[in-house]
Amino acid sequence: MEHVTIGKQYGEGKVAYAECVMNGDLSSGEIKGKSFLLVCLFEGELHFSVGEKSYAGKAPCFLCFDEREEPAFRPSAAARYACIWFHPLFLNVNMTLARIRSVEYKDVASVHDLFLLRPFLDGGYLVPCEAERMASAEHACRCMERELREQRDWYWSCRSRSYFMELLIGLERAYAEVGYPLVANEPYGETAGEADLLQDAALYLEGHFAEDISLEELCARLGVSRSSLTAAFRKGLNTTVMEYLMAFRVRVAKKHLAFTEIPHKEIAFRCGFKTVQHFSRVFKQHTGQTPGEFRKNAVQKRKDEIK
């Protein structure tokens, strides 16, 4: 595996199976038999071919390839993008290539909250997305690149993985197309207007979940009344706006707890909670466990069950 990052001062010699480069050189990015590749296209176009077929990616979109592919790129000078080469082992040591392609992997992934990586394994290559989601992806890419490059403390590998996981959550949501709702599998509503309103609201909440978001600010941004937005969420998702936001924050926090060693305080801040106490209280309301209990149990369960 050529696309790796090696530990320097902290965890000298430690191997993180990922490399993130802003506007990286795709012409020398051979991945066949080596790694997966995710390209986040922020602006412009990227033309590429796989075998005898040619494709054109237009921003905003994701380009996804696994190690069985050999894409050849023809980047436009105006294109702006991020390249992330990674092996699934970067996400978790249990995500071997043999396992993620096994018939039972979907069940294993569901039980242990592992990523399915369908955007890469299904061979579709192009995943268009909304500008709001790509703005969030760009932030995650820049943070991941900085963590891998600077390695500022012992958590550099975990922290870079955490940003990558946030990026994958958005990618898998975009790939699912329907993507909403997160909390309940209910219809959006009876009209296209309600569906669009819910989608716009959910996109904003998921893209800014780490920020201090008020219902009034969200309504002002969307140009709707508080009663209209509240009614749309209640009718379409059987929840409230703030409950939806908290559920998404907890979903992201669960990934950080289960697959990194980042301190609880940092996870709380990263997920939009002002205090560890508030984070712990909300997390237990949603999961029945404290963050510490959840982390311990998730890790131990994988050790016991995945062989």
Side-chain angles (χ1 to χ4, degrees), residues 1-7 15-51 53-91 95 97 100 115 117-131 133-151 156-157 159-175:
M1 304 173 192
E2 295 181 354
H3 295 290
V4 300
T5 302
I6 308 298
V15 178
Y17 295 107
E19 181 182 15
C20 180
V21 182
M22 306 304 291
N23 272 32
D25 183 6
L26 286 167
S27 64
S28 61
E30 182 181 344
I31 63 171
K32 193 164 188 178
K34 300 176 182 178
S35 67
F36 284 33
L37 171 62
L38 171 62
V39 180
C40 302
L41 182 57
F42 311 128
E43 293 180 2
E45 297 184 6
L46 280 177
H47 296 264
F48 65 94
S49 59
V50 179
K53 294 186 177 181
S54 297
Y55 305 85
K58 297 182 179 181
C61 76
F62 300 100
L63 288 72
C64 307
F65 310 91
D66 65 23
E67 92 297 349
R68 297 171 295 186
E69 308 295 350
E70 197 168 10
F73 290 90
R74 299 184 301 280
S76 163
R80 192 170 61 82
Y81 53 90
C83 306
I84 301 177
W85 294 272
F86 72 98
H87 191 284
L89 292 173
F90 176 61
L91 292 166
M95 294 181 66
L97 294 176
I100 65 176
F115 286 98
L117 297 180
R118 285 185 55 207
F120 301 91
L121 301 175
D122 287 354
Y125 308 135
L126 292 168
V127 183
C129 73
E130 303 84 352
R133 191 181 300 284
M134 187 53 70
S136 178
E138 181 172 3
H139 172 74
C141 288
R142 292 190 179 281
C143 291
M144 179 183 178
E145 187 276 335
R146 184 179 65 247
E147 291 296 336
L148 290 172
R149 172 171 45 83
E150 296 181 357
Q151 299 185 15
W156 66 268
S157 179
R159 197 176 289 116
S160 61
R161 185 184 312 119
S162 72
Y163 285 115
F164 187 49
M165 289 191 299
E166 290 180 8
L167 178 57
L168 288 184
I169 289 173
L171 168 59
E172 290 193 341
R173 297 276 279 164
Y175 185 76

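Residues that satisfy the side-chain hydrogen bond (donor to acceptor under 3.5 Å, both in side chains) test with His139, not counting sequence neighbours, are absent from this structure. Every residue meeting the side-chain hydrogen bond (donor to acceptor under 3.5 Å, both in side chains) condition with Ser162, not counting sequence neighbours, appears here in chain and number order: Arg270. Applying the side chain to side chain contact (heavy atoms under 4.5 Å, CB included) criterion to Cys129, with sequence neighbours excluded, gives Pro60, Phe62, Arg133, Met134, Ala174. Contacts of Leu126 classified as side chain to side chain contact (heavy atoms under 4.5 Å, CB included), with partners at least two apart in sequence or in another chain: Phe48, Tyr55, Cys61, Leu63. Residues passing the ring pair (Phe, Tyr, Trp, His ring centres under 6.0 Å) test with Phe164 are Phe86, Phe90, sequence neighbours excluded. Legend: residues meeting side-chain hydrogen bond (donor to acceptor under 3.5 Å, both in side chains) with Arg161, ordered by chain and number and at least two apart, are absent. Under the salt bridge (charged side-chain N to carboxylate O under 4.0 Å, His left out) criterion, Glu147 pairs with Arg152, Arg159, not counting sequence neighbours. Take Asp122 and apply the side-chain hydrogen bond (donor to acceptor under 3.5 Å, both in side chains) test, not counting sequence neighbours, and it matches Arg118, Tyr175. By the side chain to side chain contact (heavy atoms under 4.5 Å, CB included) test, Gln151 pairs with Thr5, Lys8, Trp156, sequence neighbours left out. Ala79 is linked by a side chain to side chain contact (heavy atoms under 4.5 Å, CB included) to Leu41, Leu46, Ser76, Tyr81, counting only residues two or more places apart in sequence or in another chain.
Side-chain contact between His47 and Ser54: absent, with no pair of heavy atoms (C-beta onward) separated by less than 4.5 Å. Under the 4.5 Å side-chain criterion, counting only non-hydrogen atoms from C-beta, Phe36 is not in contact with His3. Within the 4.5 Å cutoff, side-chain heavy atoms of Glu172 are placed close to those of Phe115. Looking at Met144 and Ile84, their side chains come closer than 4.5 Å, going by heavy atoms from C-beta outward. Side-chain contact between Val21 and Glu19: present, with at least one pair of heavy atoms (C-beta onward) separated by less than 4.5 Å. Counting heavy atoms from C-beta on, the side chains of Val4 and Trp85 never come closer than 4.5 Å. Between Phe120 and Ile100, the closest side-chain pair of non-hydrogen atoms is not below 4.5 Å.
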Yes or no on side chain to side chain contact (heavy atoms under 4.5 Å, CB included) for Leu117 and Leu91, after CA distance, side-chain angles and deciding distance?
-> CA-CA 11 Å; Leu117 297 180; Leu91 292 166; 4.1 Å; yes

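Side chain of Glu45 to backbone of Ala56: no donor-acceptor contact under 3.5 angstrom is found.
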Enumerate donor-acceptor pairs with a distance under 3.5 Å from any side-chain N or O in residues 67-75 to protein atoms, sequence neighbours excluded.
unit_1 : atom_1 : unit_2 : atom_2 : d
Glu67  : OE1    : Arg101 : NH2    : 2.8
Glu67  : OE2    : Arg101 : NH1    : 3.1
Glu67  : OE2    : Arg101 : NH2    : 3.2
Arg68  : NE     : Asp66  : OD2    : 2.9
Arg68  : NH2    : Asp66  : OD2    : 2.6
Arg68  : NH2    : Leu121 : O      : 3.3
Glu69  : OE1    : Tyr125 : OH     : 3.2
Glu69  : OE2    : Tyr125 : OH     : 3.4

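Between Pro119 and Cys64, the shortest heavy-atom distance links the atoms O-CB, 3.3 Å. Between Leu148 and Ala18, the closest heavy-atom pair is CD1-O, 4.2 Å. Counting all heavy atoms, side chain and backbone alike, Cys83 lies closest to Leu26 at SG-CD2, 3.6 Å.
Within the structure, salt bridge (charged side-chain N to carboxylate O under 4.0 Å, His left out) contacts touching residues 137-146 (residues at least two apart or in different chains) are Arg80-Glu138, Glu138-Arg142, Glu145-Arg149.
For the atom pair OH (Tyr17) and OG (Ser35), the distance works out to 12.5 Å, reported to the nearest 0.5 Å. In this structure, NZ on Lys58 lies 15.5 Å from CD on Glu43, to the nearest 0.5 angstrom.
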